[in-house]
Structures are given as C-alpha cells and as structure tokens.
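Worksheet: one structure, shown below.
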Amino acid sequence: MRLYGIDIASRLFLGTAQYPSPAILAEAIAASGTEVITVSLRREGAGGAAFRELIAASGCRILPNTAGCHTARDAITTARMARELFGTAWIKLEVIGHADTLQPDPFALLEAARVLCAEGFSVFPYTTEDLILGEKLVEAGCEVLMPWGAPIGSGQGLRNPEGLRSMRAHFPDLPLVIDAGIGAPSQAALAMELGFDAVLLNTAVAKATDPVAMARAFGQAVGAGRVAREAGLMPRRDMAQPSTPIFGMAEFP
Amino acid sequence: MRLEVNGEAVEVAATNLADLLTERGFDAASVATALNGDFVPAPARAATALGEGAKVEVLAPMQGG
C-alpha cells in the first residue's frame, strides 16, 4: 500500500491512547506489527518527555491527529503545530461535528482539507461513507480517505457495510482506511475482506483485558482479511449446493 | 502583563513568545505554540510580541487515537 509516496506493509494503524501503562502501549505496538501510530497534541503535562521517547523508540511512522477540533480553524492551527512538532506532513484530519456522536462535520472537514492540502500537508481525512464528500476531498488533494466504521470508541464495527461496499467500488484505486468504531478482530477482518486497504483503531486494543494479546489478534485478523480479499471470496448463494459430488453415489436398495 | 497560558491566567514579565516559554519553564524545543488561535512557528517566537490578555497555547506530543 502506497500512501503519499510511502510504502506501508502493515495494514493496521494503531492509536496510542487509553492504555493501562506506557510499557503495555509499547508492547502492544510491537505485537500488532503496525508501522503507523496516531498521536495528538495536548497541553504539556506530566509524562510528556517519556511519551516522546516511547514513540521514537517504536520505529513507527507518526500520524498526528486533530482530535477534538470542532472548527476548520482549530484543526488547521493544530495541523500546523503538529507538522512542526513531529516533523511530518502527515495529518489525520478530524473536524468533529457533534460532541455526542463524534461524527465528522463534512463542511468544515472539506474547508480544512483544502487549506491543508494547498499548504503541502498529506491529509488523512476522517470522513463518512458519503461519496460526494469523498470526491470533493479527493479534488482538494487528499490521496487517501478514512471513512468511519462506526462512531469513535463505540466498538460497533461496520455500521453500514453496504454503503462502505459502494464506497470501495466508487473509488477503486484510492487507498481507503476504515477509521473508528472497530471493536473486534472479526470486524477488522470484514473490513479487509470488503477490500479496504487498512484499518485504524485504538480503543478495541487499549481497553481489552490483555491489550498486547488483542493487538496481536488484530494484526492477524487484518492480515487474514487482506489475504482473503486477494484470494477472491466465493460468491454468496441463497440456497444450498452440495460440496460433495453427486456423481458416482452408491444406490442402496 | 496578564496572559492566558494553556487556559491559566498568569502574570508575566516576558513581552515576546520566546521569552514567555523560558519564563514559564517550557522546553522550547519540544513544544509547538499558538497565539490567539494562530500557529506561531518556532523561529518566529522571538519576534512575536505579546499583548495584554493574549491567549497562548503551548502543546506537546500526547497519546491519541
């Protein structure tokens, strides 16, 4: 998978928030096999220096986010700060439209994406499965789209699989990453079987009873789902069809 | 001069952003700054004057999803 000119082998992107400890976070990153981790910018508090060392030691590519921003202006300012601080043009662009659903504000998202793409950012927009919004984001310069599976942190999986299927068909050659709402490895595998290029998740690993083992499970599920997609799934049928040949069957009196 | 730094009202002697970071004990190399909602790049901090009541954000890398 090629994202803004960078080859990424692992199809699992992992968030770094809400883990029981920094040590478990570091182990989970390693166990997942991820190459891309998301981070945020917040007011400097205790543990900042240790976290900087941890993300540097992970060897992963950093995808800073604009999480929590509710206006295009806030997201643009946050993105500019992130580019200086992390030394990367990559930005996961989140512009939240509603505090309860955490669904993207499509209008502010597009406004911010236009500004940031023009400034040379590699924008990873957290969006919905809306095809027209997706087209406008691509026109603005986005080379990847990140439709939600379900509301952030909800663990509901793919709420609208048919809509996501349409999105995959509508953008056949564009990298599409399912971002948010994934709660179980089976849901991540389904996203990959539908042909999505990668999955970004956080809470499902961080809040598992054993985050390190869950990180490994997600890495395996994403890998299996991708292989299944490439292998070509059998067509679904409404009726049964025997798998054992009828020809040559014995006739018992 | 009274400012708001990361949401906290403070009285400072600094008159520019670079001096403010030093005065408040921030590690200037590992933070990013914004003044009144606009990003201020690190090289521009010393030349960025602070006005009475200015709102300054000093942000650092943190965990995120």
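Just so we're on the same page: letters track the sequence lines, and every chain starts at 1.
Contacts between Val31(B) and chain A at a heavy-atom distance below 4.5 Å involve backbone atoms as well as side-chain atoms. Of the atoms belonging to Tyr19(A), not a single heavy atom falls under 4.5 Å from chain B.
Distance check: Thr77(A) OG1 to Glu57(B) CD gives 10.0 Å after rounding to the nearest 0.5 Å. Expressed to the nearest 0.5 Å, how far CZ of Arg83(A) lies from CZ of Phe39(B) amounts to 8.0 Å.
Contact record, Ser40(A) with Gln63(B): OG-O, 2.8 Å, taken as the closest heavy-atom pair. Here the closest heavy-atom approach between residue Glu84(A) and residue Ala42(B) is recorded as OE1-N, 2.7 Å. Smallest separation of non-hydrogen atoms from Met81(A) and Ala34(B): CE-N, 3.6 Å. Here the shortest heavy-atom pairing between Leu41(A) and Ala32(B) reads CD2-CB, 4.5 Å. Here the shortest heavy-atom pairing between Arg43(A) and Leu59(B) reads N-CD2, 3.5 Å. Closest non-hydrogen pair, Gly65(B) versus Asn202(A), comes out as CA-ND2, 3.1 Å.
In terms of heavy-atom pairs under 4.5 Å with chain B, the best-connected choice from Ile62(A), Thr203(A), Ile76(A), Asn65(A) is Asn65(A).
Applying the salt bridge (Lys or Arg N to Asp or Glu O under 4.0 Å) rule to pairs touching residues 105-128 of chain A yields Arg80(A)-Glu119(A), sequence neighbours excluded.
By the 4.5 Å heavy-atom criterion applied to side chains, Thr16(A) and Met62(B) are not counted as neighbours.
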